[in-house]
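Computed from a prediction, not measured in an experiment: that's the story for all the values here.
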Amino acid sequence: WLVIAVGLVRAYLAKGSYHSLYYSIEKPLKFFQTGALLEILHCALGIVPSSVVLTAFQVMSRVFLTWAVTHSVKEVQTEDSVLLFVVAWTITEIIRYSFYTFSLLNHLPYLIKWARYTLFIVLYPMGVSGELLTIYAALPFVRQSGLYSISLPNKYNFSFDYYTFLILVMISYIPIFPQLYFHMLHQRRKVLSHTEEHKKSE
């Protein structure tokens with residue numbers, strides 16, 4: 001994710017504009033975000049104590065957006081909303097992996113812990129906004145091209161409308177996003193208040 005961050009900064013300095021920066025980090029984004037599928041396996045095997053369901057939802061939603069939307073619908077790759085979620089993901093993951101690394105070394109700076117449980121307040125809505133706006137921008141092109149859609153009649157007697165599916169994906173954010181967001185707010189209160197109490201006791 002540092003590779004992606006450096007790529008974004010270098011491309012911005014070279015172009016002097018934040019528009020269409022996606023192309024400068026397209027390959028590493030696809031590689032590292034797809035590699036995150038291993039996190040689901042790590043949770044399932046008990047290597048890390050995180051929730052399998054929660055991790056699977058977060059990782060799969062990002063992989064879906066990377067491949068099934070941004071990669072598949074070329075027209076949205078120039079949208080500023082793509083940069084919105086890429087920047088949010090990048091900052092979030094740099095902080096998260098720094099948090100894990102320092103925790104494993106038993107030397108977790110308070111600043112990293114604070115960033116892990118505070119910056120999501122802005123980054124999470126920012127990422128979700130970018131994701132939803134990108135899916136929304138893809139809808140006309142999906143409808144026009146019939147991308148990934150299967151129409152009747154066919155030998156399997158099965159139909160699938162990708163355009164409708166994307167709308168349902170957008171609607172699913174309504175119940176799911178608040179749950180995840182308030183879960184993180186609860187974690188923040190628990191972790192940071194515990195840290196403050198520990199400092200006072202010392």
(request) Go through Val191 and Arg116 one step at a time and tell me if the side chain to side chain contact (heavy atoms under 4.5 Å, CB included) criterion holds. (result) CA-CA 10 Å; Val191 172; Arg116 167 86 167 106; over 6 Å; no

(message) Apply side chain to side chain contact (heavy atoms under 4.5 Å, CB included) to residues Gln77 and Ser20 and explain how you reach the verdict.
(response) CA-CA 7 Å; Gln77 294 174 1; Ser20 303; over 6 Å; no

(request) Take Trp1 and Ile95, measure what side chain to side chain contact (heavy atoms under 4.5 Å, CB included) needs, and give me the verdict at the end. (result) CA-CA 10 Å; Trp1 288 98; Ile95 294 169; over 6 Å; no

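The same ILVMFWY cluster, assembled from side-chain heavy atoms under 4.5 Å apart, contains both Leu123 and Leu54. By the criterion of side-chain heavy atoms lying less than 4.5 angstrom apart, applied directly or through intervening Ile, Leu, Val, Met, Phe, Trp or Tyr residues, Phe57 is not grouped with Val59; the two fall into different hydrophobic clusters. Transitive grouping of hydrophobic side chains (ILVMFWY, heavy atoms separated by less than 4.5 Å) brings Ile167 and Ile150 into a common cluster. Ile176 is connected to Tyr173 through a chain of hydrophobic side-chain contacts under 4.5 Å among Ile, Leu, Val, Met, Phe, Trp and Tyr, so both are in one cluster. Placement of Tyr97 and Ile94 within a single hydrophobic cluster is found when ILVMFWY residues are connected by side-chain heavy-atom separations under 4.5 Å, directly or transitively.
Between Cys43 and Val48 the shortest heavy-atom distance is SG-CG2, 3.7 Å. The minimum heavy-atom distance linking Ile4 with Leu29 is given by the pair CD1-CA, 3.7 Å. Of all the heavy atoms in Pro175 and Ser172, the pair that sits closest is CD-O, 3.1 Å. Closest non-hydrogen pair, Thr70 versus Thr134, comes out as OG1-CG2, 4.1 Å. Listed here is the closest heavy atom pair of Ser72 and Leu147: CB-CD2, 4.0 Å. Residues Ala88 and Met126 approach most closely at N-CE, 3.9 Å, considering heavy atoms.
In this structure, the side chains of Leu37 and Leu41 stay at 4.5 Å or more apart for every pair of heavy atoms.
Residue pairs meeting the ring pair (Phe, Tyr, Trp, His ring centres under 6.0 Å) criterion with at least one member in residues 116-151, sequence neighbours excluded: Phe99-Tyr117, Phe120-Tyr181, Tyr124-Phe177, Tyr148-Tyr162. The ring pair (Phe, Tyr, Trp, His ring centres under 6.0 Å) pairs that include a residue from residues 66-91 are Trp67-His71, Phe85-Trp89, where partners are two or more places apart or lie in different chains. Sorted by first and then second residue, the side chain to side chain donor-acceptor pair (under 3.5 Å) pairs with a member in residues 49-65 read Arg62-Glu93; sequence neighbours excluded. Each ring pair (Phe, Tyr, Trp, His ring centres under 6.0 Å) pair with one or both residues in residues 4-39, not counting sequence neighbours, would appear here, but there are none.
To the nearest 0.5 angstrom, Lys30 atom NZ is 3.5 Å from Glu26 atom CD. Taking CG of Leu168 as the start and CG of Asp161 as the end, the distance is 9.5 Å to the nearest 0.5 Å. Between the CD atom of Gln33 and the OG1 atom of Thr90 there is a distance of 9.0 Å, given to the nearest 0.5 Å. How far CG of Leu133 is from CD of Glu79: 8.5 Å, rounded to the nearest 0.5 Å. Taking CG of Leu139 as the reference point, atom OG1 of Thr164 lies at 9.5 Å (rounded to 0.5 Å). Taking CD1 of Ile47 as the start and CD of Glu39 as the end, the distance is 11.5 Å to the nearest 0.5 Å.
Lys27 pairs by the side-chain contact (heavy atoms from CB on, under 4.5 Å) definition with nothing, not counting sequence neighbours. When the side chain to side chain donor-acceptor pair (under 3.5 Å) test is applied to Ser98, no partner is found at least two apart in sequence or on another chain.
In this model, a donor atom of one side chain and an acceptor atom of the other lie less than 3.5 Å apart for Thr118 and Arg188. Side-chain contact annotation: Ser159 with Ser151, donor-acceptor N/O pair under 3.5 Å absent.
Of the listed residues (Leu13, Ile25, Val3), just one forms a side chain to side chain contact (heavy atoms under 4.5 Å, CB included) with Leu8, and that residue is Ile25.
By the 6.0 Å contact criterion, CZ on Arg143 is open, its count of non-hydrogen atoms from other residues, nucleotides or ligands being 12 or less. Within 6.0 Å of OH in Tyr156 there are 12 or fewer heavy atoms belonging to other residues, nucleotides or ligands.
The backbone N or O of Ala11 sits nowhere less than 3.5 Å from a side-chain atom of Ser24 that would complete a donor-acceptor pair.
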